[in-house]
Protein chains: 2
Amino acid sequence: MVENGRTYEQSIMNSLRRIMRAVDIYSRKLNTEFGLTTPQLLCLDIMAKSKNMILKDLAKAVNLSESTVNGIADRLEAKLYVERRRSSLDRRKVFLVVTPAGHAILQRTPAFFQDRLSASLSLMSEAEQQAMTESLEHIAALMETEKWMQPQALT
Amino acid sequence: MVENGRTYEQSIMNSLRRIMRAVDIYSRKLNTEFGLTTPQLLCLDIMAKSKNMILKDLAKAVNLSESTVNGIADRLEAKLYVERRRSSLDRRKVFLVVTPAGHAILQRTPAFFQDRLSASLSLMSEAEQQAMTESLEHIAALMETEKWMQPQALT
DNA sequence: CACGAATGATTCGTGTTGTAATTATTTGAA
DNA sequence: TTCAAATAATTACAACACGAATCATTCGTG
């Protein structure tokens, strides 16, 4: 129990939601002002750093499902920041190629929201930052475990 | 820089995304097996605990926009777990009333995903849990601050 | 009282996200 | 060689999430 009557888990979940919501709201603002959302920026950035990226690998890199990334790729393509080029060696594969306009917008677009996170993190000591990072990674790994994924009715 | 070449911010954002994704995937599984998603469960739970809840207050309680909560209320109403009753005193207000079926499903539905979080948290000391909770709350509060919300092009 | 401001709910449009199904292509084994 | 399995992309569908706009109602002030 924490001072406000919540358990640590509830407080943590609540904070996580608030953080993700802040990221989402920032993403929308970014979109209206610069024409790119955070997920789009994230995908574009990764595509720009790798030649001949295919959708499947991009999805893995950003930790999103293939269909989600496919939709993001659609929107980036519609904005002419990305081109799809079918591989001639293996015609199942489609390379995602960042256009010059795509590279240009990457330069002009503000830093990712996580960079703003630095301000909050800088208030913690290096040791605290590291502890925090490791804890979150630990929790993420545990929550991704399949066995948690089977909902059980309360007994 | 962390050992994998990422900054703490990048690692933290990545972990947050992974955690939220795990929550989302669990939510979908819950929906196919119990007919309620996590957001629906969260809203229903709060509605059940309060008499004469109106949408505006519910939105505030769950930290979501009114239009989002309105959609969730629509789906709960369609499933007959909630009824909308227009207030006769102030006809702008619509009370969200949990039906007997709604109360019943709340009893039968598995614990929230955050309860599963306990397993991960229990591996940490009380002090670590507390530190983690406070850090996240701190970060959440900072990220909600309006001034961070104004994107600035890189200089 | 009248009328503009405030309040509360709802709708609309768009983007994100997942699962499941479908299509096209390649691979591998009988 | 042939055909089933695997692989890659895509589509269909549903839920979530937001801001902006709209509508009805109430409030408050002149």
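Because the structure is a prediction, the values reported are computed rather than measured. Lettering follows sequence order; numbering is per chain, from 1.
- Counting any heavy atom pair closer than 4.0 Å across all strands shown, A:Arg75 reaches a base atom.
- Listed by residue number, the members of residues 57-67 of chain A with any heavy atom below 4.0 angstrom from DNA chain C are A:Leu64, A:Ser65, A:Ser67.
- The nearest heavy atom of DNA chain C to A:Ser88 and to A:Gly71 marks one nucleotide each, and the one closer to the 5' end goes with A:Gly71.
- Here chain B contacts DNA chain D (any atom closer than 4.0 Å to a heavy atom, that is under 4.0 Å), and the contacts span D:dA15 to D:dT26 from 5' to 3'.
- No donor-acceptor pair closer than 3.5 Å links the side chain of A:Thr68 to the backbone N or O of A:Leu64.
- When the P atom of C:dT10 is taken as reference, atom CG of B:Asp74 falls 7 Å away, rounded to whole Å.
- For residues 88-100 of chain A, the side chain to side chain donor-acceptor pair (under 3.5 Å) pairs, not counting sequence neighbours, are A:Asp90-A:Arg92.
- Scored by the salt bridge (charged side-chain N to carboxylate O under 4.0 Å, His left out) test, B:Glu128 finds no partners at all (sequence neighbours excluded).
- Among the heavy atoms of the strands lying under 4.0 Å from B:Arg91 are primed sugar atoms or P, OP1, OP2 only; no base atom is included.
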Provide a list of protein-nucleic acid N or O atom pairs under 3.5 angstrom, restricted to nucleotides 27-29 of chain C.
none

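- Residues passing the salt bridge (charged side-chain N to carboxylate O under 4.0 Å, His left out) test with B:Arg21, sequence neighbours excluded: none.
- Atom CD1 in A:Ile54 sits about 14 Å away from atom P in C:dT26, given to the nearest Å.
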